[in-house]
Amino acid sequence: MIRLIFSGMVLATAIAPAAMAQELAAARQELELVARAEPACVARAPSAVAGTNASFNPSIDSGGEIRIVQMVDTVNAEPIPTSITLAIPVVCNSSHRVSLRSQNGGLLRDAGDRQLRQSRNGFGEFVPYQVAVAWAGQQRNSSSEDAGAMSFDVPRGAAGDATFSFEMPGGGGALVAGRYSDAIIFEFVPAN
């Protein structure tokens, strides 16, 4: 009996180094995971945070419509002071450019003439207004007539609410009756 146990121990001892040799010769493989986060800016639908004589209706496509409740005074047909501030949730994961432009350069009467500006000498069909943008620690103010040139660069990524403000002063001359409109294009463009 002792011999049998001893032989078994010897056999086990002889097998162990062979198993260890196989383990040391095991193949090793390494897998790399590689991905790229493309530069992107995403803006969600704005919401009104303050306003006087104006309301905001968001649309599905991250835009919306600012509606002036009463554009002119019923006594003298001059504009009533109007303002609204919108918060636009934005995420940009890289440096980017913010730009704002006005399609008409101001509120223009449908089928109106931009040259017939609001004045004290007659009825106008065009009313400029003021806009302001605050984002990522920067702020810009401009007349709607100069909004085509309103842009600035942000040298890093940023997330939070961009603030857009619209202000139309009161007075300045009577306006021709009709529907007045403008389109404001607000862009966050990531750097390549």
Using 0.5 Å steps for rounding, measure from the [atom1] atom of [X] to the [atom2] atom of [Y].
| X | Y | atom1 | atom2 | value |
| --- | --- | --- | --- | --- |
| Asp113 | Leu108 | CG | CG | 8.0 Å |
| Leu86 | Ser165 | CG | OG | 7.5 Å |
| Arg109 | Leu116 | CZ | CG | 8.5 Å |

inquiry  = Less than 4.0 angstrom from a charged side-chain N to a carboxylate O is my criterion; do Glu187 and Arg97 meet it?
reply    =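 Not counted as a salt bridge, because no side-chain N and carboxylate O are separated by less than 4.0 Å.
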
task = Hey, can you tell me if Phe188 and His96 have their rings parallel, tilted or perpendicular (30° and 60° cut-offs)?
result = tilted

task = Check step by step if side-chain contact (heavy atoms from CB on, under 4.5 Å) holds for Arg140 and Val98.
result = CA-CA 10 Å; Arg140 299 291 189 279; Val98 178; over 6 Å; no

query = Is there a side-chain contact between Arg117 and Pro128, using heavy atoms and a 4.5 Å cut-off?
reply = yes

ask   = Does Asn104 reach the side chain of Arg114, with side-chain heavy atoms less than 4.5 Å apart?
value =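 Of all side-chain heavy-atom pairs linking Arg114 with Asn104, none is under 4.5 Å.
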
side-chain contact (heavy atoms from CB on, under 4.5 Å) evaluation trace for Val72 with Gln70 = CA-CA 6 Å; Val72 297; Gln70 184 177 348; 5.9 Å; no

ask   = Passes side-chain contact (heavy atoms from CB on, under 4.5 Å), Tyr129 versus Ile184? Steps please.
value = CA-CA 12 Å; Tyr129 52 85; Ile184 299 169; 3.5 Å; yes

For the hydrophobic clusters of this structure (ILVMFWY residues joined by side-chain heavy atoms under 4.5 Å, transitively), does one cluster hold both [X] and [Y]?
| X | Y | answer |
| --- | --- | --- |
| Trp135 | Ile88 | yes |
| Ile68 | Tyr180 | yes |
| Phe123 | Leu175 | yes |

task = Can you see which heavy atom on Ser142 is nearest to which on Gln130, and at what distance?
result =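 Closest approach of Ser142 to Gln130, heavy atoms only: O-OE1, 3.3 Å.
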
note = Gln139 and Asn141 have their tightest heavy-atom pair at NE2-OD1, 3.7 Å

request  = Would you check if the side chain of Ser59 reaches a backbone N or O of Asn57 as a donor-acceptor pair within less than 3.5 Å?
outcome  = no

